[in-house]
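To keep things clear, I will list the structure first and then write my remarks on it.
First listed ligand is number 1; within each ligand, the first listed atom is number 1. For the numbers below, each heavy atom of this structure counts, side chains included, while hydrogens, waters and symmetry mates do not. If you read the sequence from its start, that first residue is 1, and numbering goes on from there.
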Amino acid sequence: MRKHIVAGNWKMNKTFEEAEELIDNLMTALEQTELDKNTLMVVCPPFPYLEMCSEYSEDSYFMPGAQNVSDQESGAYTGEVSAAMLQSLEIAYCIVGHSERRAYYGETDAIVAAKVNQLLAHDIRPIVCCGEVLEEREAGKQLEVVERQIRDGLFHLTAEQMGEVVIAYEPVWAIGTGKTATPEQAQEIHAHIRNLVKKQYGDKVADDLSILYGGSCKPSNAREIFAQPDVDGGLIGGAALKADDFMAIAKAF
Ligand code: 13P
């Protein structure tokens, strides 16, 4: 059975003290609640808090994740953070190709592919984001857009490498807007992604692939979205900033 993953993307939020408090609250909540054995919780704070998060995670049931990584190995790239650095902090997961990075920082599918290569070379699992903007959905191009992002960002990988990848479908019009995709809209795209992976890599890789939904996912709607057969969890933004909400989502399976 493929893994259920609930990942919190904190984006650019929280001071160090606030971050510690949130992690602390999450750990307390995790001690008091039993998550489904097949559900994995991933916490992706900003870079400066990764070491703290990684240390705390040793005594808890969540895995630390980063929000971004350099497409380069090492050297004169001021301000960048390499996959080797993340690996040295025992970071297990890293988000790649988030729509905010695509929109504000020019992250192309080719850059996404290079970042995925860096992560896999350092034993970090990429959480690769895809999703259409509102105009693309209104033009009925959502399947086509997601297909291009998946193909150009991932299909250079071997089947073994693809087995390490997590995909997150995040319709851009649903991110931070309070407007969630309907369970049927999410299922349609998730099934499409799994089919593409099946055609490229075969049944086993496709069946084992965790595909997460992201975009205004909250305790009140997580259950019906996660109930869809091809939705294997969530990539959570705003609701990951409160321990209670994030826990409630993680318990939605
Ligand atoms: P929201 O849950 O705040 O809509 O953000 C989703 C997201 O972008 C997670 O990566």
Side-chain angles (χ1 to χ4, degrees), residues 4-14 18-19 22 26 39-47 49-50 53 62-69 91-105 107 111-112 115-116 119 124-134 136-137 142 145-146 149-150 153 165-183 185-186 189-190 193 210-226 228 231-253:
H4 291 157
I5 299 175
V6 177
N9 175 9
W10 292 9
K11 307 191 180 181
M12 195 172 72
N13 291 295
K14 305 277 177 196
E18 290 164 351
L22 177 50
L26 261 180
T39 301
L40 174 69
M41 187 181 259
V42 180
V43 175
C44 306
F47 284 134
Y49 313 148
L50 276 175
C53 184
F62 66 88
M63 306 284 269
Q67 296 175 21
N68 186 26
V69 68
I91 301 306
Y93 288 82
C94 180
I95 299 167
V96 184
H98 192 280
S99 64
E100 286 147 20
R101 297 221 51 94
R102 291 180 191 260
Y104 307 142
Y105 303 99
E107 202 155 303
I111 295 174
V112 170
K115 291 185 174 191
V116 167
L119 291 169
I124 300 168
R125 295 186 161 194
I127 301 176
V128 179
C129 301
C130 60
E132 79 286 358
V133 300
L134 185 61
E136 290 164 337
R137 173 149 295 256
Q142 61 273 23
V145 169
V146 166
Q149 291 168 333
I150 297 295
V165 170
V166 175
I167 292 178
Y169 168 58
E170 300 204 304
V172 181
W173 47 270
I175 296 178
T177 57
K179 206 171 156 187
T180 320
T182 64
Q185 284 172 325
I189 305 275
H190 283 229
I193 293 170
S210 297
I211 308 177
L212 318 184
Y213 168 79
S216 299
C217 190
K218 40 190 181 260
S220 59
N221 60 26
R223 195 171 292 276
E224 56 171 0
I225 296 174
F226 293 177
Q228 297 301 309
V231 178
D232 309 307
L235 183 53
I236 318 299
L241 298 174
K242 287 194 196 131
D244 289 350
D245 285 354
F246 191 49
M247 276 306 297
I249 294 172
K251 284 195 293 185
F253 281 107

Heavy-atom pair of closest approach, residues A250 and T39: O-CG2, 3.8 Å
Just by distance, do the side chain of [X] and the backbone of [Y] share a donor-acceptor pair under 3.5 Å?
| X | Y | answer |
| --- | --- | --- |
| R223 | I249 | no |
| K115 | V69 | yes |
| R102 | G97 | yes |

Ligand 1-proximal atoms of E170, by part, heavy-atom distance under 4.0 Å: side chain
A174, portion touching ligand 1 at heavy-atom distance under 4.0 Å: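 Backbone only; the side chain of A174 stays clear of ligand 1.
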Kindly confirm or rule out an N or O of [X] lying under 3.5 angstrom from an N or O of ligand 1.
| X | result |
| --- | --- |
| G237 | yes |
| G215 | no |
| S216 | yes |
| G214 | no |

What atoms of ligand 1 come within less than 4.0 Å of a heavy atom belonging to [X]?
| X | value |
| --- | --- |
| K11 | 5 (O), 6 (C), 7 (C), 8 (O) |
| G238 | 1 (P), 2 (O), 3 (O) |
| N9 | 9 (C), 10 (O) |

Pair listing, salt bridge (Lys or Arg N to Asp or Glu O under 4.0 Å) test, anchored in residues 166-177, at least two apart: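 Sorted pair list comes back empty.
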Pairs meeting criterion salt bridge (Lys or Arg N to Asp or Glu O under 4.0 Å) with involvement of residues 232-244, two or more places apart: R2-D232, R194-D232
Distance in Å, M12 CE paired with Q67 CD, rounded so as to fall on 0.5 Å steps: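 Reported value, rounded in 0.5 Å steps: 10.0 Å.
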